[in-house]
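Notes for the one structure printed next.
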Amino acid sequence: QVKLVESGGGLVQAGGSLRLSCAASGYTFSVYNMAWFRQNPGKERDFVAAVTSSGSSSAYADSVKGRFTISRDNAKNTVYLQMNSLKPEDTAVYYCARRRVGTYGSSRLNFDAWGQGTQVTVSS
């Protein structure tokens, strides 16, 4: 079955960096666009970044543009999120997600598979 497993979260000081990974299995990874979302308790799960199936194009939320970079390695069935210049407001559980084929936009409804999440905590 489809499985997404995130890793790489942790505690970091403001201004620091982290690299999240999401290992995919159970489907043909290279066919699907992928994305990262984040969520804090009691709040909506928000779009962070997305990448096309080939990795040739990406999109970002305004709040992370210029600081985060999404990428993928189709040979390793893995999508990454490089997070630089981290701020306390980046603290959240980060989830990777698989986009439904033929959908567009950042709505959660456009994604049909999710990982369990990895906690990122940025201290001030």
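- For the atom pair CD of Gln116 and CG of Leu4, the computed distance is 9.0 Å after rounding to the nearest 0.5 Å.
- If you chain together hydrophobic residues whose side chains sit under 4.5 Å apart, Val122 and Val93 never meet in one group.
- For the pair Arg72 and Phe29, the cation-pi test (distance below 6.0 Å, angle within 45°) is passed.
- Nearest heavy-atom pair, Gly105 versus Phe111, reported as atom, atom and distance to 0.1 Å: O-CE1, 4.1 Å.
- Met34 is connected to Val48 through a chain of hydrophobic side-chain contacts under 4.5 Å among Ile, Leu, Val, Met, Phe, Trp and Tyr, so both are in one cluster.
- Between Tyr94 and Phe68, the ring planes are tilted. Angles from 30° to 60° get that label.
- The two residues Arg45 and Tyr95 come nearest to each other via the heavy atoms NH2-CZ, 3.4 Å.
- Considering every non-hydrogen atom in both Leu20 and Val120, the closest pair reads CD2-CG2, 4.0 Å.
- For the side-chain contact (heavy atoms from CB on, under 4.5 Å) with Ser21, the qualifying choice from Val5, Asp73, Thr78, Val79 is Thr78, the only one to do so.
- Side-chain heavy atoms closer than 4.5 Å link hydrophobic residues (I, L, V, M, F, W, Y) into clusters, and following such links, possibly through other members, connects Met83 to Tyr60.
- The distance from atom CZ of Arg100 to atom CG of Asn33, rounded to the nearest 0.5 Å, is 13.5 Å.
- Closest approach of Ser53 to Ser30, counting heavy atoms only: CB-O, 3.2 Å.
- For the pair Arg98 and Tyr27, the cation-pi criterion (under 6.0 Å, within 45° of the ring axis) is fulfilled.
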Walk me through it: do Glu6 and Trp36 pass the test side-chain contact (heavy atoms from CB on, under 4.5 Å)? CA-CA 10 Å; Glu6 300 96 336; Trp36 288 94; 3.8 Å; yes
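- Remark: the backbone N or O of Ala14 is not paired with any side-chain donor or acceptor of Asp90 at under 3.5 angstrom.
- The side-chain heavy atoms of Gln119 and Thr91, taken from C-beta on, include a pair separated by under 4.5 Å.
- Under a hydrophobic-cluster definition in which Ile, Leu, Val, Met, Phe, Trp and Tyr are linked whenever side-chain heavy atoms come within less than 4.5 Å, directly or via other members, Phe37 and Ile70 are assigned to different clusters.
- Nearest approach of Arg38 to Ser63, heavy atoms of both residues: NH2-OG, 3.4 Å.
- Rounding to the nearest 0.5 Å places OG of Ser25 at 7.5 Å from CD of Gln1.
- Taking all atoms of both residues into account, the shortest heavy-atom contact from Leu18 to Gly8 is CD2-O, 3.8 Å.
- Between the side chain of Asn110 and the backbone N or O of Tyr104, at least one donor-acceptor pair lies under 3.5 Å.
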Can Val101 and Tyr32 be said to form a side-chain contact (heavy atoms from CB on, under 4.5 Å), step by step? CA-CA 7 Å; Val101 173; Tyr32 288 83; 3.5 Å; yes
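- Within 6.0 Å of atom NZ in Lys65, more than 12 heavy atoms from other residues, nucleotides or ligands are found, so the atom counts as buried in its surroundings.
- Here CG of Asp46 is found 8.5 Å from CG of Asn40. Values are rounded to the nearest 0.5 Å.
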